[in-house]
Amino acid sequence: MPSALVVGYDPQAIPGVDGEALRAALDAELARFGEHGIDADMTLIVFGESAESTLVASLTKQPWDVVVVGAGIRKTESLLPLFEQIVNLVRRHAPQAAIAFNTSGGDSVEAAQRWL
């Protein structure tokens with residue numbers, strides 16, 4: 001079974017956003033991976049000191065076929081250093097994995113499928 005790791009920004013850490021509703025949508029998207037025969041996991045991180053250790057633990061948990069980086073990280077200008085860190089950590093700790101990008105939390109499956 002192919003595998004995918006979805007990396008996103010923790011919605012609980014976004015001011016002015018209904019973090020619970022956004023997390024429910026992300027969980028629903030994660031469930032869709034199973035419907036498509038893809039073993040998937042999600043790691044939500046926050047820009048800061050724990051981001052690297054959290055992501056490295058997820059990247060080394062198993063050999064992922066693809067890592068999907070969420071649009072919330074990629075499209076938020078202030079998170080550019082975090083985005084760069086993620087790409088470089090994937091290259092270093094999961095070199096076998098393709099890197100994919102979604103446009104929203106609702107199309108991560110399709111982003112992964114482009115590389116599986």
Which heavy atom of [X] sits nearest a heavy atom of [Y], and at what distance?
| X | Y | answer |
| --- | --- | --- |
| Ile45 | Thr43 | CG2-CG2, 3.8 Å |
| Ala111 | Ala100 | O-CB, 3.4 Å |
| Met1 | Asp65 | O-OD2, 4.3 Å |
| Val7 | Leu55 | CG2-CD1, 3.7 Å |
| Ser3 | Pro63 | OG-O, 3.4 Å |
| Gly8 | Ile73 | C-CD1, 3.6 Å |

Point to revise | side-chain contact (heavy atoms from CB on, under 4.5 Å) partner of Asn102, the single match among Val69, Val68, Val109 | key: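 So the option named by the test is Val68.
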Exercise for review: Can you spot which of Leu22, Leu82, Leu44 makes a side-chain contact (heavy atoms from CB on, under 4.5 Å) with Tyr9?
Suggested key: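 Result for side-chain contact (heavy atoms from CB on, under 4.5 Å) with Tyr9: Leu82.
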Practice item. Under the side-chain hydrogen bond (donor to acceptor under 3.5 Å, both in side chains) rule, collect the residues that match up with Arg23, sequence neighbours excluded. Key: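 With neighbours one apart ignored, the set is Asp27.
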Practice item. Can you sort out the partners of Lys61 under salt bridge (charged side-chain N to carboxylate O under 4.0 Å, His left out), two or more places apart, ordered by chain and number? Key: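 With sequence neighbours excluded, Lys61 shows a salt bridge (charged side-chain N to carboxylate O under 4.0 Å, His left out) to Asp41, given in chain and number order.
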Taking the side chain from [X] and the backbone from [Y], do they hold a donor-acceptor pair closer than 3.5 Å?
| X | Y | value |
| --- | --- | --- |
| Asp18 | Ala21 | yes |
| Asn88 | Gln85 | no |
| Thr76 | Ser78 | no |

Review point. With sequence neighbours excluded, what pairs up with Phe83 under the ring pair (Phe, Tyr, Trp, His ring centres under 6.0 Å) test?
Key: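 Partners of Phe83 under the ring pair (Phe, Tyr, Trp, His ring centres under 6.0 Å) test: Phe101.
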Practice item. Salt-bridge test for Glu84 and Arg74: reply yes if a basic N is under 4.0 Å from a carboxylate O, no otherwise. Key: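 Looking at Glu84 and Arg74, the cut-off is not met.
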Review point. Is any side-chain N of the basic residue among Arg32 and Glu35 closer than 4.0 Å to the acidic one's carboxylate O?
Key: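 Here Arg32 does not pair with Glu35 in a salt bridge, since their nearest N and O are not under 4.0 Å apart.
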Exercise for review: Mind checking the CG-CE spacing from Leu30 to Met42? Nearest 0.5 Å is all I need.
Suggested key: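 Answer for the CG-CE pair, Leu30 versus Met42, is 5.0 Å.
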Review point. What's the verdict on side-chain contact (heavy atoms from CB on, under 4.5 Å) for Asp39 and Gln62, showing C-alpha distance, side-chain angles and the deciding distance?
Key: CA-CA 11 Å; Asp39 176 33; Gln62 71 179 62; 3.4 Å; yes
Point to revise | Trace of the side-chain contact (heavy atoms from CB on, under 4.5 Å) decision for Phe33 with Val6 | key: CA-CA 10 Å; Phe33 278 92; Val6 180; 3.7 Å; yes
**Study point:** Any side-chain heavy-atom pair of Glu110 and Thr103 under 4.5 Å
**Key:**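 No; the side chains remain at least 4.5 Å from each other.
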Review point. Is there side-chain contact between Glu20 and Gln12, with heavy atoms separated by less than 4.5 Å?
Key: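 They are in side-chain contact.
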Practice item. Evaluate whether atom CZ of Arg114 has more than 12 neighbouring non-hydrogen atoms of other residues, nucleotides or ligands under 6.0 angstrom away. Key: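 Counting neighbours around CZ of Arg114, more than 12 heavy atoms of other residues, nucleotides or ligands fall under 6.0 Å, so yes.
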